[in-house]
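For this chain, numbers begin at 1 and follow the sequence in order. Counting starts at 1 for both ligands and their atoms, in listed order. None of the values given here were measured: they were computed from a predicted structure.
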Amino acid sequence: MWFGVVSLFPDMFRALTEHGVSGRAVKQGKVSVSCWNPRDYAYDNYQTVDDRPYGGGPGMLMKIQPLEEAIQAARHSADQQPGKPAKVIYLSPQGRKLDQQGALELLQEDKLILVAGRYEGIDERLIEREIDEEWSIGDFVLSGGEMAAMTLMDTVIRLVPEVLGHNQSAEQDSFMDGLLDCPHYTRPEQYQGRAVPDVLLSGNHEKIRRWRLKQSLGRTWERRPDLLDALELNNEQQTLLTEYLNERET
Ligand SMILES: NC(=O)c1ccc(N[C@@H]2CC[C@@H](O)C2)nc1
């Protein structure tokens, strides 16, 4: 999967390209990340990248010309890559809320260009002209779009086949079901007087699967009932949730 990033702070993306699962995916060539900096397209002596807002008010906006040229350069590079035309995404609180389902949809793209804004944002006409979709990672304001872009990229990258590898892909299963994750345990068996649940030591993989599913269902019911409302539980899930709730009362 090919990512183009437009940002005044391209170095920030090293957090994604040089570390962890995403770093390995980049190193192995399963994912590529290229950056374009609007400042490189600011030709005045001061390399101005911000501009004053019409109508007054606090703060600045990103200057149109450097940003537009950076986006065009990213598009031009994307066009050299194989696959469907790039989808250009702008990160802002006004965008579609990102969730696991949205990440799965974005995974279907071959090329994504992510535009990370700074200051108070970008000119609406540039959004209308250059941006295909606006996305948000949550209902809060960040000082820049970079961390939102990296969040979106990471959640998509880990879905790219072979990036997580078969042994770890199971870890995403619960959230892929729209449920919260189950509790996890590792050594030692007794930790500060608290034991690992026996079922996890039993070696009975079917019992362990059911226990984990029951825990995911119970936790989701307790902490995020809204997620449950969106789901049609199958018979097994309904049975396990009922068991969990009965055990909870005892
Ligand atoms: N919730 C989010 O995804 C989000 C995205 C971007 C952002 N801030 C940037 C700075 C200026 C403008 O480009 C928007 N804040 C929050």
Side-chain angles (χ1 to χ4, degrees), residues 1 3-17 19-20 22 31 33-42 46-75 78 86-109 111-159 175 178 224 226-227 230:
M1 192 162 187
F3 290 93
V5 167
V6 175
S7 165
L8 289 170
F9 301 110
D11 269 8
M12 286 180 69
F13 289 82
R14 293 171 58 182
L16 189 91
T17 58
H19 301 278
S22 54
V31 166
V33 178
S34 309
C35 297
W36 282 267
N37 186 340
R39 193 170 296 280
D40 295 333
Y41 300 88
Y46 305 96
Q47 292 195 293
T48 309
V49 291
D50 61 346
D51 209 339
R52 293 172 52 231
Y54 283 114
M60 302 288 275
L61 292 174
M62 292 190 75
K63 183 176 171 61
I64 288 186
Q65 170 268 323
L67 177 56
E68 183 185 34
E69 290 192 25
I71 294 172
Q72 303 284 7
R75 277 185 190 278
K87 178 171 281 188
V88 184
I89 288 174
Y90 175 55
L91 287 304
S92 86
Q94 287 71 42
R96 172 184 168 182
K97 189 75 69 58
L98 178 67
D99 59 12
Q100 198 66 24
Q101 180 54 41
L104 277 167
E105 287 175 36
L106 291 171
L107 177 66
Q108 307 314 312
E109 299 298 326
K111 298 174 274 190
L112 290 177
I113 293 175
L114 301 170
V115 177
R118 282 274 161 171
Y119 311 111
E120 300 309 308
I122 72 179
D123 188 290
E124 191 64 18
R125 293 163 295 178
L126 201 51
I127 295 178
E128 289 162 2
R129 180 183 160 87
E130 295 288 350
I131 303 299
D132 297 315
E133 294 179 2
E134 257 181 284
W135 283 76
S136 168
I137 63 167
D139 294 331
F140 42 81
V141 179
L142 298 168
S143 47
E146 286 80 8
M147 283 189 273
M150 281 190 269
T151 299
L152 183 150
M153 292 165 78
D154 185 79
T155 194
V156 173
I157 287 170
R158 61 191 307 285
L159 294 174
F175 216 103
R224 290 290 309 277
D226 59 296
L227 293 177

If we only count heavy atoms from C-beta on, is the Leu142 to Ile137 side-chain gap below 4.5 Å? yes
side-chain contact (heavy atoms from CB on, under 4.5 Å) between Met153 and Val31: does it pass, once the steps are laid out? CA-CA 10 Å; Met153 292 165 78; Val31 166; over 6 Å; no
List, ordered by chain and residue number, the protein residues whose closest non-hydrogen atom lies under 4.0 Å from any atom of ligand 1. Tyr90, Leu91, Ser92, Pro93, Gly117, Arg118, Tyr119, Gly121, Ser136, Ile137, Gly138, Phe140, Val141, Leu142, Ser143, Gly144, Gly145, Ala148
For Gln94, check side chain to side chain donor-acceptor pair (under 3.5 Å) against everything at least two apart and list the hits. Ser92
According to side chain to side chain donor-acceptor pair (under 3.5 Å), does anything in residues 114-124 pair up with another residue at least two apart or in another chain? List the pairs. Arg118-Glu146, Asp123-Arg125
Could I get the full list of side chain to side chain contact (heavy atoms under 4.5 Å, CB included) partners for Ile131, not counting sequence neighbours? Val88, Tyr90, Val115, Ile127
Does the salt bridge (charged side-chain N to carboxylate O under 4.0 Å, His left out) test come out yes or no for Arg96 and Glu133, once each step is laid out? CA-CA 8 Å; Arg96 172 184 168 182; Glu133 294 179 2; 5.6 Å; no
